[in-house]
Peer 1: 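The structure follows.
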Amino acid sequence: MKELKIFGIVVVFTLALYWGVEPFAHGQMHKHVEGHGLVYDGSADIEEASKEKKEAKKAFWADVKKIAALKGDATAGEASYMMCAGCHMDGAANMGGVTPPSLDHAGAIYDKNFLIALIKDPAMATNVDHKYPNGTMAHPMGSVSAMVSAPQDIANVVAYLQAKKAGEVTPKEAFTEACGRCHANRYGKLTQLGEVPKTKSNIKTGQDIDALKYAQKVATEQAALADYLGTLPPDLSIIIRARSEHFLHTFIENPQSQLAGTAMPRTGLNHEGMEKVFAYLEETGDPSKPLREETGPKVLLFFFIFTALAFLWKKAMWKGHH
Amino acid sequence: MAHFEKANSIGEWLDQRLAVNTLKRVMQTEYWIPKDINFLWAMGMVLAATFGILLVSGIFLLMYYQPNIDTAFDSVNYTIMSEVGYGWLWRHIHGVGASIVFLIIYIHMFTGIYYGSYKKGRELIWLSGMGLFVAFSAEAFSGYMLPWGQMSYWAGMVITNLFSGGSLHADGLVEWIRGDYVPGQAFLSRFFMLHVLLIPLAIIGLIVLHFGTLRIPHVNNQEGEEFDYKEAAELYKAGKVKESKVIPFSPVFLSKDIFVMGVYFILFFYLVFYHFGFAMDPVNFDPADGLKTPAHIYPEWYFLWSYEILRPFPTDPGLIAFAFAQVIFFMLPFLDRSPNVAPASRRGAFKFWFWAMLIDMIVLTFMGKLPPEGIWSTIGLVAALAFFVLWIALPIITKTEKKL
């Protein structure tokens with residue numbers, strides 16, 4: 001079968017071409033970063049740290065480990081949590097560049113070790129301590145050390161979060177709480193201030209004053225964020241198509257691993273949190289996926305039948321020609 | 001006016017006025033195609049079908065696309081992808097089609113080179129085909145600007161910059177092409193016009209010309225055999241289909257085309273539904289930002305080989321090399337000095353030339369996407385030089401080729 005041989009050659013060259021410009025080229029272009037399975041024990045931080053910082057980081061994460069071993073008392077933690085709730089509340093105002101996020105599902109979507117580390121030292125925990133050369137007190141959450149600092153106290157607050165702030169969480173809530181204070185998602189109609197409110201324009205003037213007021217508020221919030229972080233964090237509407245899943249996963253786990261020096265803090269998502277955030281990113285960034293998966297097999301089936309019939313027709317037409 | 005009898009059927013009525021029966025005979029049932037062909041001869045119709053798919057999907061997309069730098073990105077990524085029913089399907093068909101059409105074009109081109117289908121008498125088939133290649137390239141590039149993502153913007157920047165001509169510093173020309181100092185609204189509007197009107201018109205015209213050029217020299221066959229078409233056609237019409245060297249375009253040739261198309265469509269729609277990422281670069285899902293250059297800027301895969309001919313050299317020689325690469329394929333019928341019309345396998349040194357050229361272009365394609373560092377730059381430079389050596393060698397090795 002000469003024709004099959006020719007077909008084989010075409011296929012081999014086509015596959016070689018594909019391999020070269022896709023998997024091979026992309027493998028060479030992007031450095032490979034291993035994930036750590038969403039275990040937040042500081043091992044990556046210590047490894048990356050400069051010589052001067054290595055010891056401090058080792059000590060910090062060793063302390064975190066010790067606190068994690070303590071048994072937290074959720075009831076006692078509730079009292080201390082009241083201090084957290086002073087800032088982490090609905091309608092909170094921007095504090096030092098960023099609005100404190102809601103902690104309604106903190107126990108469900110964030111890792112326990114990460115929460116302990118965060119209360120102990122927010123800059124170290126989120127691996128952005130390089131942005132605070134004068135110490136964590138300059139961090140918007142730096143004052144936490146003045147409120148909750150005793151190891152048992154930290155363990156209690158985390159126990160409280162895990163017991164009482166851990167209800168069922170939707171993908172949208174997970175995104176809003178973990179990412180939404182810095183990143184908008186315009187396809188999901190989310191700004192840094194939360195959901196875009198429904199407003200009505202004045203029928204006589206055609207102007208929507210409430211929408212304009214809201215836009216001004218968003219612009220103000222974004223300006224504060226950009227001043228604090230150095231740049232306005234990107235809108236995440238279709239980030240799921242702009243970056244590979246592996247990149248996003250390792251980046252969220254430890255932003256410094258993919259983009260050294262970035263102002264993005266680690267968010268400390270656990271498996272459930274990560275899954276929910278990805279579900280939301282997929283919802284806004286790749287909404288056609290369910291319909292695509294449903295339609296694909298039908299279209300392919302059609303063309304298989306089409307091809308089979310075409311083959312029979314060809315056979316009939318060429319009968320007696322050879 | 002001509003005298004018209006009463007027609008007894010719609011067919012007859014049309015025949016009286018349009019000569020549809022003659023048309024059908026001339027263009028289908030008595031348009032003779034050689035019998036000694038393989039599935040590669042179906043690529044022309046596969047290309048025509050793909051162009052049809054691109055045209056139809058493009059028309060659907062055109063209903064929602066907004067050529068405005070503030071709304072273009074979201075009109076594609078939000079409106080079409082999530083608000084328009086099956087908008088995502090049309091977009092993926094259009095995107096995959098635009099990429100895969102080049103794969104078929106290259107297969108079609110290399111088939112022509114392998115079997116010597118550009119030789120004496122068939123030069124215009126080759127030239128009009130190359131015209132189509134250039135028009136499709138322009139169509140692909142202008143279309144790539146439209147989603148106004150990071151790759152649109154920066155590819156637009158880099159490619160239009162080429163027109164400054166290196167040391168010539170023809171910055172005025174670049175501004176004239178862009179309509180601005182940097183790609184902006186004027187740039188997007190004009191590339192939109194080119195993509196949806198001017199270039200498609202040129203393509204349609206060139207397709208008609210390309211088909212026209214086939215008519216007199218006839219389609220080549222697997223052995224490059226020259227035979228009397230009239231005689232072969234008479235034989236066929238006399239019912240001696242086995243002995244005849246020809247088949248009618250319709251239905252015999254077409255039946256095979258349709259089967260090949262079926263196989264092709266299975267691949268095509270597999271890609272559309274399950275593997276479209278290769279045709280839609282992730283970088284282009286970041287909105288255009290003139291202040292943020294992407295870490296890697298590279299063209300789509302089908303331009304990589306010529307990009308790699310530009311890249312390894314200093315600016316001026318690079319541009320000359322690039323210009324050379326763009327036009328040299330047009331010269332093929334005149335640089336090949338051998339009178340033999342035969343598959344490359346029977347043509348001595350040309351056989352090696354063919355495979356060397358094919359492999360060299362694939363190597364250039366690989367290197368064109370990789371960052372120009374270390375060993376990759378060296379391989380790229382060698383492959384680019386090899387490209388020139390091969391073209392310089394072509395007239396020499398074909399001149400000395402033994403006549404078959």
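So that the names make sense, note that chain A is the first sequence line, chain B the second, and so on, each numbered from 1.
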Peer 1: So, do A:Thr307 and B:Phe265 sit near enough that their side-chain heavy atoms are less than 4.5 Å apart?
Peer 2: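 No - every pair of side-chain heavy atoms lies 4.5 Å or more apart.
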Peer 1: How long is the straight-line distance from CZ of B:Phe269 back to CZ of A:Phe303, given to the nearest 0.5 Å?
Peer 2: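 If I round to the nearest 0.5 Å, the distance is 4.5 Å.
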Peer 1: Between A:Ser237 and chain B, which part of the residue has a heavy atom less than 4.5 Å away: side chain, backbone, both or neither?
Peer 2: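 Neither the backbone nor the side chain of A:Ser237 comes within 4.5 Å of chain B.
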Peer 1: So A:Leu312 and B:Phe259, do their side chains get closer than 4.5 Å, heavy atoms only?
Peer 2: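 No, every pair of side-chain atoms sits at 4.5 Å or beyond.
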Peer 1: Quick one: does A:Gln28's side chain have a donor or acceptor within less than 3.5 Å of a partner on B:Pro371's backbone?
Peer 2: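 Looks like no, no N/O pair under 3.5 Å.
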Peer 1: Would you say the side chains of A:Tyr187 and B:Asp74 form a donor-acceptor pair under 3.5 Å?
Peer 2: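 On atom types as modelled, these side chains qualify, holding a pair under 3.5 Å.
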Peer 1: Are A:Phe7 and B:Leu40 packed together at the side-chain level, in the sense that at least one heavy-atom pair is separated by less than 4.5 angstrom?
Peer 2: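 Side-chain contact under 4.5 Å: no.
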Peer 1: Does any N or O in the side chain of B:His296 come within less than 3.5 Å of the main-chain N or O of A:Met29, such that one atom is a donor and the other an acceptor?
Peer 2: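 The answer is yes, because a donor-acceptor pair under 3.5 Å joins these two groups.
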Peer 1: Of the backbone (N, CA, C, O) and the side chain (C-beta and beyond), which part of B:Glu243 lies under 4.5 Å from a heavy atom of chain A, both, or neither?
Peer 2: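 No part of it gets close to chain A.
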Peer 1: Side-chain contact, heavy-atom cut-off 4.5 Å: A:Trp318 with B:Lys35?
Peer 2: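 Yes; the side chains approach each other to less than 4.5 Å.
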Peer 1: Under 4.5 Å heavy-atom distance to chain A, tell me which part of B:Tyr274 shows up: side chain, backbone, both or neither.
Peer 2: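 Side chain only.
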Peer 1: Is the distance from the ring center of A:His321 to that of B:Tyr236 below 6.0 Å?
Peer 2: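 A:His321 vs B:Tyr236: aromatic centres under 6.0 Å.
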Peer 1: Check each atom of A:Pro297 against the heavy atoms of chain B and say whether the ones under 4.5 Å are side chain, backbone, both or neither.
Peer 2: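 For A:Pro297, backbone and side chain are both near chain B.
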Peer 1: Mind checking whether B:Trp376 and A:Phe24 have ring centres under 6.0 Å apart?
Peer 2: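 Yes, the ring of B:Trp376 comes within the 6.0 Å limit of the ring of A:Phe24, centre to centre.
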Peer 1: Is A:Lys2 close to chain B through its backbone or its side chain, or both, or neither, when contacts mean heavy atoms under 4.5 Å?
Peer 2: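 For A:Lys2, side-chain heavy atoms alone lie under 4.5 Å from chain B.
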Peer 1: Between B:Ile258, B:Asn77, B:Leu103, which shows the greatest number of heavy-atom pairs under 4.5 Å with chain A?
Peer 2: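 Counting heavy-atom pairs under 4.5 Å, the top option is B:Asn77.
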Peer 1: Would a distance-only check, ignoring hydrogens and angles, find a side-chain to backbone donor-acceptor pair under 3.5 Å from B:Lys369 to A:Val21?
Peer 2: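 Looks like yes, one N/O pair under 3.5 Å.
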Peer 1: Does any backbone or side-chain atom of A:Ile9 lie under 4.5 Å from a heavy atom of chain B? Answer side chain, backbone, both or neither.
Peer 2: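 Only the side chain of A:Ile9 comes within 4.5 Å of chain B.
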